[in-house]
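These numbers come from a predicted model, not from an experiment. So you know, we letter chains A, B, ... as the sequences are listed, proteins then strands, and number each from 1.
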Amino acid sequence: MTTNDLAARAHALRQQLTRYGHEYYVLDAPSVPDAEYDRLFRELQALENAHPELKTADSPTLRVGGMPLPEFSQITHSVPMLSLGNAFSDMQQDDFSQRHAELVQFDERIRRELAEAPIRYATEPKFDGLAISLLYRAGVLVQAATRGDGISGENVTENIRTIHAIPLKLELAQPPALLEVRGEVLMLKRDFERLNAEQLQRGDKPFANPRNAAAGSLRQLDSRITAQRRLSFYAYAIAQVEGADWPLSHAGEMDWLQQLGFPVVEASLRPVVTGADGLADYYESVLQRRAALPFEIDGVVYKVNSRAQQEELGFVSRAPRWAIAHKFPAEEALTLVEAIEEQVGRTGAITPVARLQPVFVGGVTVTNATLHNEDEVLRKDVRVGDTVIVRRAGDVIPEVVSVVLERRPMRPAAGGDLFSQGEEAQYPAYRLPSHCPVCGSHVVREEGEAIARCSGGLSCKAQRSQAIQHFAGRRMMDIDGLGERYIDKLVEYGYVHGVADLYRLTLDDLLEMKRRADEDEDEGITPETVKAGKVASKWAENLLQAIAASSQPPLARLLFALGIRHVGESTAKTLADWLGALALIRRTPAALFAALPDIGGVVAQSLADFFAEENNEAALDALLHYVAPADEHAPSAKLAERLEPAVLLARLNIPRLTEVRSQQLAAQISGLEQLARMERRQLLLLQLPAEVINALADWLDEAANRSALQQLAELRTEILNSLPQDTVAAHPLFDGKTFVLTGTLPTLSRDQAKALIEAAGGKVAGSVSKKTHFVVAGADAGSKLAKAQELGVAVLDEAALQAMLQQTAGE
DNA sequence: CTCCCTCGAGTTCT
DNA sequence: CTCGAGGGAG
């Protein structure tokens with residue numbers, strides 16, 4: 001055969017196989033026997049292997065998967081994958097009338113917004129699977145991504161290609177230039193059961209539920225494994241279309257998707273209904289059919305059918321206002337409280353946890369449920385030995401709903417006190433221990449706070465171990481391979497006392513620790529031990545490398561990693577941006593911290609306390625032997641305005657000295673240094689109410705206060721002198737303005753645009769609110785643009801932004 | 001002083 | 001994901 005003949009044959013085979021596959025997997029109506037399909041498939045495979053140049057992006061041979069990937073790459077969604085709001089309250093299984101009332105409310109709200117009636121709603125089941133975005137260019141599947149955080153997700157194209165129900169190529173002579181389809185990957189109940197049977201046969205662990213099985217299968221780096229799992233897909237939305245007409249209603253979208261070859265849920269499960277009654281009928285009917293459906297669902301979804309109306313309704317923060325999820329009541333189960341134990345968190349927070357008799361609810365076996373805090377336990381009056389109703393709240397975290405009092409071992413006497421004296425003693429109400437269950441330190445509950453804390457600080461093993469866990473976390477120092485189990489052991493056996501010790505660990509330490517840990521848990525030495533030794537040394541080498549690799553973190557990550565109370569990712573970034581260097585941050589007094597944006601009295605004091613504490617100082621010094629922030633810089637030029645004497649005075653917590661009085665005071669003195677030297681009689685000359693002056697004088701009479709003020713003044717001068725001298729004055733059009741970026745800009749990346757705006761004195765925020773001054777929108781802008789238009793916020797494109805920036809040069 | 005929003009912290013299971 | 005606390009605006 002000539003090359004042309006071969007190409008033609010390959011093309012014909014692909015067409016034939018694609019058609020047969022569609023008949024089999026989407027239409028569920030095969031027209032040829034499986035053997036015939038297999039024969040053609042192998043012919044194409046052989047042809048492509050012999051002539052790799054004949055391979056195409058839409059070939060059915062891709063369905064068997066390819067080489068394992070080292071990791072998934074990240075993909076930014078050009079249209080964010082939003083989550084759906086849920087306007088309905090959790091309720092009992094069969095509270096029909098309340099459900100109806102809430103639907104009427106929902107429908108009324110939509111009608112009010114649209115000033116139109118009645119409203120037509122497209123409906124569909126809410127699949128319990130994984131949301132996926134599929135991108136087709138010129139009709140060929142080129143990219144598939146998971147939802148991730150909604151903004152960016154993982155590139156799972158290879159795996160998605162192995163799902164036969166997903167077309168690799170659209171059934172159109174003239175496909176749209178661009179089409180982005182959203183839908184759900186899931187595993188049918190029958191495929192789930194078959195997979196679990198196979199898993200058991202192989203001696204592998206079965207999956208807890210179809211959702212986990214689907215997620216586990218899709219997240220395989222080796223797509224050949226994904227190919228062996230029977231995953232299904234249902235499309236439910238279009239995110240982008242170019243080069244074709246976008247249907248005018250949601251139902252129209254669904255019909256079009258079906259024509260294009262996408263599996264969509266059968267028509268009787270997605271009727272277009274009218275008004276609250278229509279929604280209620282639909283809800284009840286799907287609830288009835290739930291068990292008989294081939295896939296798992298956790299509720300239904302209502303969408304305003306008309307796309308024009310959808311646009312009119314727009315978005316609120318992260319969810320469309322024209323689509324809403326109506327979840328079925330969470331499955332509940334009864335179980336026994338075997339014990340109530342306390343966990344000690346990183347900050348010392350003591351959390352009571354109910355240890356439950358294992359019970360299968362909502363797709364997983366639940367054995368623990370948090371009881372949050374003392375008040376919560378008492379409010380629900382959960383006691384050891386009680387039978388409780390458990391459910392998985394928000395679909396994830398197990399929750400004790402209530403106690404079944406009738407089943408309490410000592411039944412209360414009818415009409416009388418709940419318990420007689422003796423019974424009360426036997427089944428006592430819960431009491432939070434007065435001493436930490438781990439280290440025995442006192443448990444302290446601050447006035448007005450819900451949470452009680454262990455006062456042991458880092459001398460408490462639980463807190464120390466979790467402080468190290470936090471330090472190693474992905475968003476902090478990102479030390480891979482250092483899991484909870486090993487950290488606990490390293491602390492327990494005394495290899496690690498503080499975070500600095502991590503950097504002193506040797507290969508021998510790690511292997512010894514692991515050996516001891518294994519001995520403690522398993523019984524004795526197994527024949528596997530020799531083999532395990534090799535695996536262990538690999539693990540230990542990797543870990544040492546990961547630890548070494550973490551020695552030059554960005555300052556913000558290091559600060560976050562220190563685990564200072566009230567200092568999370570965002571506050572750490574503020575500190576790094578504004579103050580620039582750890583050495584400066586370490587000697588910054590509370591008043592100066594509090595002068596920074598989004599840092600108030602509590603956070604500022606927490607910071608100052610942390611760095612003043614000797615143990616922390618020592619630990620930090622030790623750490624700095626091994627770790628140096630990579631991006632330290634001079635304080636931000638913008639700091640100057642934050643260091644105004646009036647601002648600092650107001651943050652010193654001097655009695656009676658309010659914001660206004662601070663300004664008046666600042667105007668009358670030449671600087672903080674002068675104030676720090678003033679005697680009472682000099683203060684009396686100030687133009688301020690006598691009581692303010694007296695309070696100020698009393699405050700200054702405390703030697704500690706006076707020297708703190710003196711030091712603050714000196715530090716202020718020092719910082720001002722260290723500020724970059726050649727700073728251009730902030731751009732008047734940008735200074736203090738808040739910008740929000742959305743969509744893809746033609747030439748600038750998101751980070752570049754952000755840097756430009758910040759350099760000009762502007763602030764870049766994540767979401768649009770009344771306080772936003774400008775929204776910079778690029779291609780495929782999503783909800784933020786809609787929100788901006790809704791709030792009447794000025795919208796710029798990249799060119800307009802550049803033009804605004806250019807005006808700096810002119811001035 | 002009172003709202004509203006953002007940030008921090010805690011949590012379960014595979 | 002959800003709750004509570006902190007920060008800042010009105």
J.: Tell me which donor-acceptor pairs under 3.5 Å the side chains of residues 466-474 of chain A have, and how far apart each pair is, sequence neighbours excluded?
T.:
from: Gln466(A); atom 1: NE2; to: Val344(A); atom 2: O; distance (Å): 2.5
from: His470(A); atom 1: ND1; to: Arg346(A); atom 2: NE; distance (Å): 3.4
from: His470(A); atom 1: NE2; to: Phe560(A); atom 2: O; distance (Å): 2.9

J.: For Ala595(A) and Arg642(A), work out which heavy atoms get closest and say how close.
T.: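 So the two residues come closest at O-CD, 3.0 Å.
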
J.: Counting only side-chain nitrogens and oxygens, does Arg565(A) get under 4.0 Å of the OP1 or OP2 atom of dG8(B)?
T.: no

J.: Expressed as a whole number of angstroms, how long is the span from His372(A):NE2 to dG10(B):P?
T.: 13 Å

J.: Give a yes/no on whether any side-chain N or O of Ser570(A) is located under 4.0 angstrom from OP1 or OP2 of dT6(B).
T.: no

J.: Below 3.5 Å between N/O atoms, which protein atoms pair up with nucleotides 12-14 of chain B? Just atom names and distances, please.
T.:
from: dC13(B); atom 1: OP1; to: Thr367(A); atom 2: N; distance (Å): 2.9
from: dC13(B); atom 1: OP1; to: Thr367(A); atom 2: OG1; distance (Å): 3.3
from: dC13(B); atom 1: OP1; to: Asn368(A); atom 2: N; distance (Å): 3.2
from: dC13(B); atom 1: OP2; to: Asn368(A); atom 2: ND2; distance (Å): 3.1

J.: How long is the line joining CG of Asn373(A) and P of dG10(B), in whole Å?
T.: 13 Å

J.: Round to the nearest Å and state the distance from Glu376(A) atom CD to dT2(C) atom P.
T.: 15 Å

J.: Mind calculating the distance between CZ (Arg147(A)) and P (dC1(C)) to the nearest angstrom?
T.: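 Rounding to the nearest Å, CZ of Arg147(A) and P of dC1(C) are 7 Å apart.
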
J.: With sequence neighbours excluded, tell me which residues meet side chain to side chain donor-acceptor pair (under 3.5 Å) with Arg379(A).
T.: Glu376(A)

J.: Touch check for Ala215(A), heavy atoms < 4.0 angstrom, all strands: base, sugar-phosphate only, or nothing?
T.: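 The residue Ala215(A) makes no contact with any strand.
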
J.: Give Ile599(A) one of three labels, base, sugar-phosphate or nothing, depending on what nucleic acid heavy atoms sit under 4.0 Å from its own.
T.: sugar-phosphate

J.: Would you mind classifying the nucleic acid contact of Gly216(A) as base, sugar-phosphate or nothing, using non-hydrogen atoms under 4.0 angstrom?
T.: nothing

J.: Who passes ring pair (Phe, Tyr, Trp, His ring centres under 6.0 Å) against Phe295(A), sequence neighbours left out?
T.: Phe127(A), Tyr234(A)

J.: If the cut-off is 4.0 Å, is Thr347(A) near the phosphate of dG8(B), judged by side-chain N/O to OP1 or OP2?
T.: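 No, because none of the side-chain N or O atoms of Thr347(A) sits under 4.0 Å from OP1 or OP2 of dG8(B).
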
J.: Measure CG/Asp375(A) against C1'/dG4(C) and give the value in whole Å, please.
T.: 13 Å

J.: Tell me every residue that passes side chain to side chain donor-acceptor pair (under 3.5 Å) with Asp480(A), counting only those two or more places apart in sequence or in another chain.
T.: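 Partners of Asp480(A) under the side chain to side chain donor-acceptor pair (under 3.5 Å) test: none.
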
J.: Rounded to the nearest Å, what distance is computed from the CZ atom of residue Arg445(A) to the P atom of nucleotide dA5(C)?
T.: 10 Å

J.: Within this structure, what is the CD-to-C1' distance between Glu399(A) and dT11(B), rounded to whole angstrom?
T.: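 Spelled out: CD on Glu399(A) to C1' on dT11(B) is 12 Å.
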
J.: If I take atom CD in residue Glu659(A) and atom C1' in nucleotide dG10(C), what distance separates them, rounded to the nearest angstrom?
T.: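 Rounded to the whole Å, the gap is 15 Å.
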
J.: According to side chain to side chain donor-acceptor pair (under 3.5 Å), who are the partners of Ser465(A), at least two apart in sequence or on a separate chain?
T.: Asp488(A)

J.: Hey, which of Val443(A), Val444(A), Ile451(A) is the one that makes side chain to side chain contact (heavy atoms under 4.5 Å, CB included) with Ile350(A)?
T.: Val443(A)

